[in-house]
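The structure presented is a predicted model; accordingly, all values stated were derived computationally and were not measured. Just so we're on the same page: letters track the sequence lines, and every chain starts at 1.
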Amino acid sequence: MSGDHGHGDSQANSGSKGSDSHKHKDKHKDKEHRHKDHKKDKEREKLKHSNSEHKEHSEKKHRDKEKLRHGDGSSDKHREKHKEKDKDKEKRREEKIKSSHADKPKKEKENGYVRNTSPAVIKSEPEEDNGFYPSPQHIKTSKREYDDEECEYKPKKVKTEHDKKAKKRKHEYEEDEDESADINSYSDADAIVVSSLRGCVLLLFVVIRWEEERYTDGSKWRFLEHKGPVFAPPYEPLPDKVKFYYDGKPMKLNPPAEEVATFFAKMLDHEYTTKDIFRKNFFKDWRKEMTSEEKSKITDLNKCNFSEMSEYFKAQSEARKQMSKEEKLKIKEENERILQEYGFCIMDNHKERIGNFRIEPPGLFRGRGDHPKMGMLKRRIRPEDIIINCSKDSKQPKPPPGTKWKEVRHDNKVTWLVSWTENIQGSIKYIMLNPSSRIKGEKDWQKYETARRLKKCVDRIRNQYREDWKSKEMRIRQRAVALYFIDKLALRAGNEKEEGETADTVGCCSLRVEHIKLYPKMDDQEYVVEFDFLGKDSIRYYNKIPVEKRVFKNLQLFLENKQPEDDLFDRLNTSILNKHLQELMDGLTAKVFRTYNASITLQQQLKELSCSDDSIPAKVLSYNRANRAVAILCNHQRAPPKTFEKSMQNLQTKIDEKQNQLSAARKQLKAAKADHKASHDDKSKKTVEVKRKAVQRIEEQLMKLQVQATDREENKQIALGTSKLNYLDPRISVAWCKKWGVPIEKIYNKTQREKFAWAIDMAEKDYEF
DNA sequence: ACAGAAACTTAGGAGCATGTGT
DNA sequence: ACACATGCTCCTAAGTTTCTGT
């Protein structure tokens, strides 16, 4: 598998800690060989450019391409939080800082490092980005202002009078409940609303949502009506012929124990059913469901044989695939009916799509990465577990016959419709609205507006933290270095987590000593920091970057007298950091940096890569590359598709074929030309034209295939979706499409267009983030 | 001021629907 | 018409931030 990617291996493997990585063969091996090749080097080059926003950071960004997924079971090291501070150590560190601070001016001169920002300048800036919110008039007057003002979603009651365009829109949208309304008069983005209108008696005012009134008191809605959740179907006991064997002997289980056994049987093909923790947790929870008789008999999971059950389920799913068209249609219709009945709610004057109206079915918990609770039983949720949230004056949802809700409340300070407490972590789960809803769209918009406000003061903040690297207080230095990482590397904040409750993953503030390595010199670079840790979802973050000398020195200081499992930033946590950020800019938190850096990178990359001479597919490739730069920045990875190699080969075959076709066509053209030269008649002239066209067409097709191949290769282990959906201001993409004449459908699929309807509606081609 | 709970966003993967080429 | 690849939808875990109570 690695043989054909020669030069990527050393890097890839250097970070692989997995001692039992062989267990994960197919998937894991692939991930381990996320290799570096020329294309990727190019990519990396681009990324460097993309960070020119950080130009005041003197060093260039060197991002290592190898973002490897970490093997399971590699760090079952026992950890102890050394939160108890050793007073002596502390004192010594503080003293060291003081002394190093004392001789700083000298050093600074030596370095020729001059601060170019006078305090006065720093001070003058806050006035600009603090405390200014546009009046309602600002928001209304024009589209441009819509884009450029920070339409801060500080709940101001804004009843919008619409500008021309909005009026037109309103006219279009403002059909009332007449369900025979002409579907064609609705925009694509509202197709979902339209389809929901069919067969629906509910009153509906489709008004353009993101221009509607907001609430000043923190309430999220006035009216909320829905039908409650859809519960998982009840358990259907297995037919008698399907047997479970214990110690080689058939044994009929009672339904509760049988149900849990089927959960295990369904997962038999998964590698994790072989894991000790998984098996242990499962067995413990399974036994809780057994009768005392079963309990006394079944004492060893290794003696359990679930294979008949497993076969049965495989056969069932096979049968489902083989169903006739009619049967499939019937199921589809039933699903549609349920969607229509339970999938929508009325919030204020809109009928809105609900996100997840189905209650999570029971099953075995599988956390990601090395999760201590994997295999535990996720219990069935009953109506008695459910809290309903709706408005007092709405028609309350009815619990299934013979059951009761746990509670019905009317809390309009929150956006959820239904909640319940989950039994694995004891956390609360919610049913909320779809991303296309007004309430989510507005929030999304607000998020990007906050990021844009950061754009205005990011220079000031960067100067500030660079200044803070010199502070005499340890906590301030730590805060400043952490913020630098968050800004430069788009790391997550990194909350503390309860040990033993979840997989051992970290973010910036929770980095431990063992997660970084310092290299005063590496190849031709100085002050290189190597990061290697598991982040959210146990996705490995591996990166080597040169940092400024001062950062490097600080890191050395933070590492002094610490054990590998000690916190790197022992005087810092997310709440301290965010409090600080809040003082720097209203609404600023650590994650805003990720949003800001992602969006600004996209904008820059698009500017750099787009070329008006390009064909549409080439432009789309440029877009995907810009998108990819962001995904790399944010470390959004995916497992290479199972069929990757094969599909790549197929594509290559197609390309080869096209090339043959092309040379054949060219020959024909040549022959036709010669023919024409000889005869000079009309007929041969026509033939030349026909052949010329053919060549052209084939050239285009070939180009398209090649572009496709490039795109796919570059995308092997990078997931574009996450950044597209959560980090990139959609107005940038919309504006780009308008500017370069690329249909929006090339960039966003239907769901995405629904989610970003607000942006599609408001961004013009000159929009700037 | 802090801890724990609540609320809400961000995340990757499974599985299914759809489209495409033969 | 069929097989197969691809893209999309759903699912729900895992984060961050905010709120609440002491």
Side-chain angles (χ1 to χ4, degrees), chain A residues 27 31 69 218 220 267 270 317 320-321 328 331-332 335 339 343 355-361 363 365-369 371 373-374 378 387 389 411 413-416 419 421-422 424-435 439-440 443-444 446-447 486 491-498 501-503 505-510 534-539 573-579 581-582 587-595 598 631 634-639 641-644 646-648 650-651 654 708 712 717-727 748-752 754:
Chain A
K27 215 172 182 178
K31 284 170 194 165
R69 224 165 264 232
K220 308 284 168 63
M267 302 173 102
H270 269 114
S317 85
R320 226 172 301 128
K321 275 182 212 150
K328 280 184 180 166
I331 292 174
K332 208 175 165 185
N335 278 333
L339 174 69
N356 54 328
F357 55 92
R358 286 171 203 274
I359 297 281
E360 297 172 17
F365 176 81
R366 167 59 182 164
R368 308 201 178 129
H371 198 115
K373 298 195 171 180
M374 65 169 82
K378 209 171 98 164
I387 301 173
N389 194 30
D411 181 357
K413 300 281 191 287
V414 297
T415 66
W416 54 268
S419 77
T421 303
E422 155 266 0
I424 304 288
Q425 316 279 358
S427 63
I428 307 170
K429 300 240 176 175
Y430 304 93
I431 290 180
M432 290 183 188
L433 297 192
N434 194 70
I439 208 155
K440 296 285 185 191
K443 200 79 190 296
D444 209 33
Q446 180 200 353
K447 173 181 78 185
I486 285 171
L491 300 188
R492 294 187 186 83
N495 286 301
E496 292 128 299
K497 307 166 67 184
E498 214 171 318
E501 295 293 301
T502 58
T505 62
V506 297
C508 186
C509 295
S510 52
L534 298 185
K536 181 176 181 180
D537 292 322
S538 291
I539 296 293
N573 61 38
T574 51
S575 121
I576 295 171
L577 180 66
N578 279 335
K579 217 163 274 166
L581 292 175
Q582 189 58 236
L588 187 61
T589 60
K591 87 186 180 85
V592 179
F593 281 89
R594 248 167 106 79
T595 311
C634 295
N635 200 36
H636 291 142
Q637 300 190 42
R638 63 166 186 177
K642 284 187 189 75
T643 53
F644 186 84
K646 204 173 137 206
S647 82
M648 225 40 216
N650 290 347
L651 198 54
K654 270 191 209 166
Q708 206 185 338
R712 194 181 299 176
Q717 62 236 17
I718 295 165
L720 300 185
T722 306
S723 50
K724 199 186 247 186
L725 237 44
N726 300 301
Y727 289 103
Y748 290 139
N749 68 28
K750 188 163 150 287
T751 317
Q752 292 163 343
E754 276 160 18

The contact string for nucleotides 9-14 of chain C, one letter per nucleotide 5' to 3', using protein heavy atoms under 4.0 Å with B, S and - for base, sugar-phosphate only and none, comes out as SSSBBB
The side-chain contact (heavy atoms from CB on, under 4.5 Å) partner of Trp416(A) among Ile428(A), Asn389(A), Ile431(A), Leu433(A) is Asn389(A)
Taken to the nearest whole Å, CG/Asp411(A) to P/dA5(B) is 18 Å
By nearest-heavy-atom nucleotide on DNA chain B, the more 5' of Ile428(A) and Ala719(A) is Ile428(A)
NZ (Lys328(A)) and NZ (Lys321(A)) are apart, to the nearest 0.5 Å, by 10.0 Å
Residues passing the side chain to side chain contact (heavy atoms under 4.5 Å, CB included) test with Lys413(A), sequence neighbours excluded, are Ser219(A), Asp411(A)
Quick tally for nucleotides 15-22 of chain B: nucleotides whose base has a protein heavy atom under 4.0 Å get B, sugar-phosphate-only ones S, the rest -, giving ---S----
**Prompt:** Side chains of Arg368(A) and Thr505(A): do they bring a donor and an acceptor to under 3.5 Å?
**Reply:** no
Across all chains, not counting sequence neighbours, the side chain to side chain contact (heavy atoms under 4.5 Å, CB included) partners of Lys429(A) are Glu360(A), Trp420(A), Glu422(A)
Residues at least two apart in sequence or cross-chain that pass side chain to side chain contact (heavy atoms under 4.5 Å, CB included) with Ala493(A), listed by chain then number, are Thr574(A), Ala590(A)
Note to self: Under 4.0 Å, heavy atoms only, any strand: does Tyr430(A) hit a base, just the sugar-phosphate, or nothing?
What the structure shows: base
Which atoms of nucleotides 16-19 of chain C (N or O only) lie under 3.5 Å from a protein N or O atom, and what are those distances?
{"residue": "dT16(C)", "atom": "OP1", "partner": "Ala493(A)", "partner atom": "N", "Å": "3.2"}
{"residue": "dT16(C)", "atom": "OP1", "partner": "Gly494(A)", "partner atom": "N", "Å": "2.6"}
{"residue": "dT16(C)", "atom": "OP2", "partner": "Asn495(A)", "partner atom": "N", "Å": "3.0"}
{"residue": "dT16(C)", "atom": "OP2", "partner": "Asn495(A)", "partner atom": "ND2", "Å": "2.8"}
{"residue": "dT17(C)", "atom": "OP1", "partner": "Thr589(A)", "partner atom": "OG1", "Å": "2.9"}
{"residue": "dT17(C)", "atom": "OP1", "partner": "Ala590(A)", "partner atom": "N", "Å": "3.2"}
{"residue": "dT17(C)", "atom": "OP1", "partner": "Lys591(A)", "partner atom": "N", "Å": "2.8"}
{"residue": "dT17(C)", "atom": "OP2", "partner": "Asn578(A)", "partner atom": "ND2", "Å": "2.8"}

Any side-chain N or O of Arg638(A) under 4.0 Å from OP1/OP2 of dA14(B)? no
